[in-house]
Number of protein chains: 2
Amino acid sequence: MLMPRKPTYDRDALIAKAKDIFWRQGWAGTSLKDLERELKLKPGSFYAAFGSKDALYALTMESYTQEGVARLKALAEKLGPKEALKAQPRLVIEAPKTPAKACMLAKTYAELKAKDHDLADQAAHHMAEMKECFADLFRKAQDAGEIGAGHDPDRLAARYQSDILGLRLSAEREDVDALEIAADIASDIDRL
Amino acid sequence: MLMPRKPTYDRDALIAKAKDIFWRQGWAGTSLKDLERELKLKPGSFYAAFGSKDALYALTMESYTQEGVARLKALAEKLGPKEALKAQPRLVIEAPKTPAKACMLAKTYAELKAKDHDLADQAAHHMAEMKECFADLFRKAQDAGEIGAGHDPDRLAARYQSDILGLRLSAEREDVDALEIAADIASDIDRL
DNA sequence: TATATACTTGAGCGATCACTCAAGAAACCC
DNA sequence: GGGTTTCTTGAGTGATCGCTCAAGTATATA
């Protein structure tokens, strides 16, 4: 039995790179040519590595969600649930090296839902995952007595996520002061 | 001087039809074939009538914005500024015959901004127009003493519009009760 | 009715789409 | 080093993209 050459590329690094491109340009807005150029992969290697454009897109959404969840949980570990929820809006629009302000999952869902594309379902699933994280934090904040016990954490999470999605889209506009909106979202949490 | 045959189609009706398709499917998601089939126009007639896909898209955004502004102003005429702002979230997601819940301008902006496409600038301009409408209503509500005088109407408008954009995107999801979010947005206005 | 003019039609343009595959290059075990 | 296997390469696939244009058709005036 023989073990010949291994790939010269770092698969995870390529996924991270592809995520940036897809996030910025969307699904239809990103061509194989774009990916081949940025990932420095010829078509044959690309398809050997990932199978298809859609398969790679799915991997990037997976990575995007996993990172988002991890970042939020780390923040809650550091600040506590309520302060994490208050800090998140500002952090998300101030993150310096992201390819876009708007949420990649929301962009994907909006672009592909009408086509009944599998990637739209996957984006929806990942958004539900994020929403459950928010609900967890609201629950923990309630348990800690940081916010009133009278609220439904799932409802708070849905509203919060909706606000964040709006905020992140607003943050791409030049005629909107997204920091003000982020501050207002944070102060809403103090009123719970 | 001679005046030969007139077009057999109703131009405004075609724009309305195209608006539904673009709104639902987006810019890249709508092909000339789609438009030709739905508008029952052969390529030659299409280009004689509208010049290009992008030109027609611009016309549909114009119409979309004009209708939105008119609907909001009529609502304010009927209910007064504060009640109009409170009613708008629910009405926008309950509108029965729209091709999508999400805002067409936001979808267009999100899809095309990274490309620096002209249509993204136009979408941004129309969103600013809508935001100014919201600010007007907040100003009028303040003048009428319906909400506190301490708030900046432009800031309220930016937050309100951001919330609406999030709400409308959330309304496309199956795991979110958008009516609850709409109610929460409306009740926020009562706290001003 | 003859004629001028605009509208309608649809084949087809070059470009680009996602993707394939056969051939050459490189790295591993023996 | 020889042999084997996988990776890399890039020309090329058919399909579809937005769009053009010449020919045919219908409608107006004269």
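Just so we're on the same page: letters track the sequence lines, and every chain starts at 1. Nothing here was measured: the structure is a model prediction, and the numbers come from that model.
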Measure from CZ on B:F50 to P on D:dT20 and round the result to the nearest Å. 16 Å
Mind calculating the distance between CD (A:Q25) and C1' (C:dA18) to the nearest angstrom? 16 Å
D:dC7, OP1 or OP2 - any side-chain N/O from A:S45 closer than 4.0 Å? no
How close do A:E172 and B:Y109 get, heavy atom to heavy atom, and via which atoms? O-OH, 2.6 Å
Counting heavy atoms from C-beta on, name the nucleotide in D:dA11, C:dA11, D:dG18 closest to the side chain of B:K53. D:dG18
Can you tell which of D:dG18, C:dC17, C:dG10 lies closest to the side chain of A:K33? C:dC17
Quickly work out the B:K42 NZ to C:dG12 P distance and round it to whole Å. 16 Å
By nearest-heavy-atom nucleotide on DNA chain C, the more 5' of B:Y9 and A:S31 is B:Y9
Just wondering, are more than 12 heavy atoms of other shown residues or ligands nearer than 6.0 Å to NZ in A:K101? yes
In whole angstrom, give the distance that lies between atom CD of B:E36 and atom P of C:dC7. 18 Å
Between A:D54 (CG) and C:dC17 (P), how many Å, whole number? 15 Å
B:Y47 vs D:dT20: side-chain N/O to OP1/OP2 distance below 4.0 Å: no
If you measure only the distance, is there a donor-acceptor pair under 3.5 Å linking the side chains of B:H125 and B:Q122? no
Starting at atom CG of A:L14, determine the distance to atom P of D:dC7, rounded to an integer number of angstrom. 14 Å
Under-4.0 Å salt bridge between B:R159 and A:D188: yes
Please state how far atom CZ in B:R37 lies from atom P in C:dG10, giving the value in whole angstrom units. 16 Å
Length of the CG-C1' vector between A:L32 and C:dT20, whole Å: 12 Å
